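First up is the structure itself, then whatever we jot down about it.
From a predicted model like this one, the values you see are computed outputs, not experimental measurements.
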Amino acid sequence: MYMSTDEVRNSFLKFFEDKGHQIVESSSLVPHNDPTLLFTNAGMNQFKDCFLGLEKRAYTRATTAQRCVRAGGKHNDLENVGFTARHHTFFEMLGNFSFGDYFKEDAIAFAWEFLTQVLKLPADRLLVTVYETDDEAFDIWNKKVGVPADRIVRIGDKKGGKPYESDNFWQMGDTGPCGPCSEIFYDHGEHIWGGRPGTPEEDGDRFIEIWNNVFMQFNRHADGTMEPLPKPSVDTGMGIERISAIMQGVHSNYEIDVFQTLIKASADIIGYDDLSNQSLRVVADHIRSCAFLIVDGVMPSNEGRGYVLRRIIRRAVRHGNKLGAKGTFFHKLVGPLAEVMGSAGVELKKQQALVEKVLRIEEENFGRTLDRGMAILNEALDAVDGKVLDGETVFKLYDTYGFPADLTNDVAREKGFSIDEQGFEQAMEAQRQRAREAGQFGTDYNNSIKVDSATEFCGYSATQGNSNITALFVDGEEVESLSAGHHAIIVLDQTPFYAESGGQCGDTGVLKTDSGVFKVTDTQKLGSAIAHHGELVEGVIAKGDQVQAQVDEQRRLASSLNHSATHLLHAALRQVLGEHVAQKGSLVRAEGLRFDFSHLEAMTSDEIKQVERLVNAQIRRNHNIQTEIMDIEAAKAKGAMALFGEKYDDQVRVLSMGDFSTELCGGIHASNTGDIGLFKIISEGGIAAGIRRIEAVTGDVALDALEAQQAKFEEKLAESASKAKSLEKEIQVLKEKLAAQASASLTDQVKEIAGVKVLVAQLDGADNKALRGMVDELKNQLGSGIIMLGNVADDKVGLIAGVTKDLTGKVKAGELVNMVAQQVGGKGGGRPDMAQAGGSDASALPAALASANAWLEERL
């Protein structure tokens, strides 16, 4: 019976739902609450605390289709991916779980029923294993389910190993919940090489494990003793790719519908015909892990999870390039992947544009270094004396060209070489040590201060109050009193001073007693106490004294305005850039704010303007800034944004600004958004891979920034005007020089009429302002004579006439220029020795100038 992968997934979940199981969404590939894991690599990860008894849920039976990644750390299948039938970086694990509910008998019965009655697999093709001493499981399989004894294999402890070290005994760690396993294998047939589990040929591909039932039966103590658990539990897992291969009548996971779709899409995009090529399988596998890692918030980088993602992307790109891919191609597979994942691809469809952009940018960046790195790698392989590439070269390729060691290993293996992994790791460790040494700083003495008493914060609604001194510290040592000039820390039983937290700087101000004045320059947390850092500027102060605490109100107000503005900024960025934007850090001070956020590209000037307008629009709406205390689940239900990786108490403070922004925050804020007054972005830039930073100001500081910007603009404008005027003068001088040069070439056109030198000429494109200088120059050259020049510039006629003073009794320049001007649609006049005119009919100019000669003959 053929079933698509999506049908297998849905039928599994539906089957267990009908058996009373709660369908639980796949958790993120990033195990947020488990620092022991790089990625989610098994279905039980999200239920670990349930099995440990640390968490109770509203259900005792659950079923999931969990997304998993194994590409780093202990579980790293990357090098085998694409070269074997069943290794993947990304896979889905179908599972059913019992938290102290049913145990072995029901777990075994459920598995057998689903496989033989729902999927209708032939019972004689199924083989099961049990832990060697687990007679209970053996009897259930044999006597209650009816599996023949010869199809039940007992698997014992590994030879030479410790007790319970067996493929059929599972343990969470060296201590804690553990228990025997019972695996189900499918026999693909005699035509495929391989032996039954427990035989020397068990690594063959004939018998393939498809389901594992883990029976959490004991609590293992440090001394090795096994204590029966009061509520035994069940954890099962079945790889969807393996069972889909069986349901689709194929042997390799890469032959199922999901992979065939992705392989064909890869081949079409790359332009490659042979669908059996292993590089296509690599690309098809890697697009799944890369896309879903990005969906779950991982961005390519040079460390941690981001580095693993970068390695997988680069491996896929390199295999695409091997097949002749031109330009970027990998990101084009996101669409086909979202479609073929069916019900498991809903979130990917929502974030498709973001995933495509991340992959495209990463591919473009890698393309810039790939050619050079490959050239160096090939040169190094050609120079190898033997068959092993040294670790230093592998490290250089990683450190300089961004080549992960496994990518170098891939290339080397294809050419019959291996890499010196130990040498590479030594070079890597040397680099880590250099980084550690470079990052060592002196320890702040305050870190060693231990305060037994707690401080009550009462500053949300007040900036002053009375309290008592509970502790005094100088240079980390507790003292009983202070005298003037002492730099110290004062701890109070209650305070209106806000201690630095959530990016907001600590308050400053003054603490006064009857005998002294202490200037507070910073406020920090010391566990549950609040430390007032500063200097005693007057008198003496002692432990137990009563204190009047006064916060610097102006500085507090400015900080609160900036803090409220960060919330509006965060919401505006998500509207303009997309919901992938998440806060990655902030700094809130009286002088301004700094906000770090996840985004791949520099913001455009238009995007910055949009964000500014959105924030200022919310300021003008003058929302009442409301705070509520509620439990964390209610806050999430209300839509409150929480910061990734931040630890919150059960009771949280929810801050709302209309329907525009709702976040969890314990900081100091304005009463209304209108109090912010004005919001202005000063700068935007990148600070790390995929992390941008905005610096902004509000209120009076924003007005100061605008005024400074305006003054700078006016100064630039004045500079530009002055420079333009200077350039105009230079241009005019140059034009006059050009006119003088041009006048020299006109003397060849001089004629004599009645013994008088006469120059009548037409110019084209000359500057009309320069004509006067040209006429003066011609007069000087002629000594005595009459000049009539016509010029066409920008389809307009310019005329000028010049008569030397000895001839003005016979010919007036004004009369001459007017006679010509009338013929070109204009008029003009001027002095007897110099006159100018204009006209609109450029086509009539040649005839008009020609008439000047006849006109002059009559007068001379």
Side-chain angles (χ1 to χ4, degrees), residues 1-12 26 29 65-71 77-94 119 186 188 192 205 208-210 237-295 312-313 315-320 322-323 325 329-345 348-349 352 355 359 410:
M1 179 177 68
Y2 179 91
M3 291 180 74
S4 70
T5 301
D6 198 38
E7 288 171 336
V8 171
R9 181 189 301 111
N10 292 330
S11 66
F12 180 90
S26 171
L29 288 170
Q66 176 64 51
R67 300 191 299 270
C68 300
V69 163
R70 291 185 180 177
D77 295 337
L78 190 58
E79 291 182 16
N80 295 317
V81 173
F83 297 94
T84 67
R86 273 166 285 279
H87 277 100
H88 307 293
T89 56
F90 173 96
F91 59 95
E92 285 184 88
M93 186 64 74
L94 303 172
L119 300 188
Y186 182 80
H188 278 272
I192 297 174
D205 281 340
I208 300 299
E209 177 198 342
I210 57 172
M238 177 166 64
I240 197 171
E241 294 81 9
R242 294 188 179 193
I243 191 64
S244 293
I246 294 169
M247 297 308 298
Q248 294 171 27
V250 296
H251 182 252
S252 167
N253 289 0
Y254 289 98
E255 297 176 81
I256 67 174
D257 54 349
V258 171
F259 280 110
Q260 284 301 296
T261 297
L262 293 173
I263 286 171
K264 288 173 183 174
S266 302
D268 290 342
I269 292 167
I270 293 170
Y272 192 81
D273 295 331
D274 183 5
L275 298 183
S276 66
N277 191 286
Q278 289 175 321
S279 288
L280 287 175
R281 291 163 56 171
V282 172
V283 173
D285 171 90
H286 288 9
I287 189 60
R288 299 211 304 164
S289 55
C290 293
F292 282 102
L293 282 171
I294 295 168
V295 164
I312 302 173
I313 294 172
R315 189 170 188 262
V317 171
R318 216 272 301 177
H319 277 273
K322 279 178 60 180
L323 300 179
F329 73 92
F330 195 46
H331 69 284
K332 297 176 184 176
L333 290 168
V334 177
L337 172 63
E339 290 299 325
V340 79
M341 287 299 291
S343 57
L348 178 57
K349 284 186 178 180
Q352 182 174 336
V355 177
L359 293 177
D410 268 359

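Environment of CG in D274: crowded, with over 12 heavy atoms of neighbouring residues, nucleotides or ligands closer than 6.0 Å.
Separation of atoms CG (N253) and NE2 (H88) is listed at 3.5 Å; rounding is to 0.5 Å. Annotation: the span from L337 atom CG to K349 atom NZ amounts to 10.5 Å, rounded to 0.5 Å. Atoms CD1 and SG, from I313 and C290 in turn, are 4.5 Å apart once rounded to the nearest 0.5 Å. To the nearest 0.5 Å, the span separating OG1 on T261 from CD on E339 amounts to 10.5 Å. For the atom pair CZ of R242 and OH of Y186, the computed distance is 14.5 Å after rounding to the nearest 0.5 Å. Atoms CD and CD1, on Q352 and I294 in that order, are 12.0 Å from each other to the nearest 0.5 Å.
For the residue pair L323 and Y272, the shortest heavy atom distance occurs at O-CD1, 3.6 Å. Here the shortest heavy-atom pairing between S244 and I256 reads C-CG2, 3.8 Å. Among all heavy-atom pairs drawn from A291 and V355, the shortest one is CA-CG1, 3.8 Å. For the pair R9 and S343, the tightest heavy-atom approach, listed with the atom from each and the gap, is NH1-OG, 3.5 Å.
The shortest distance between side-chain heavy atoms of V81 and R315 falls below 4.5 Å. Between I270 and L280, some side-chain heavy-atom pair lies under the 4.5 Å cut-off.
Here the side chain of D285 pairs a donor or acceptor atom with the backbone of T89 at under 3.5 angstrom. S289 places no side-chain N or O within donor-acceptor distance of the main-chain N or O of V69, the cut-off being under 3.5 Å. For the pair Q248 (side chain) and M3 (backbone), a donor-acceptor distance under 3.5 Å is present. Within the 3.5 Å criterion, the main-chain N or O of E92 finds a donor-acceptor partner in the side chain of E241.
Checking H251 against D205 by side-chain atom types alone, no donor-acceptor pair falls below 3.5 Å.
Judged by the 6.0 Å distance and 45° axis criteria, R288 is not positioned over the aromatic ring of F90.
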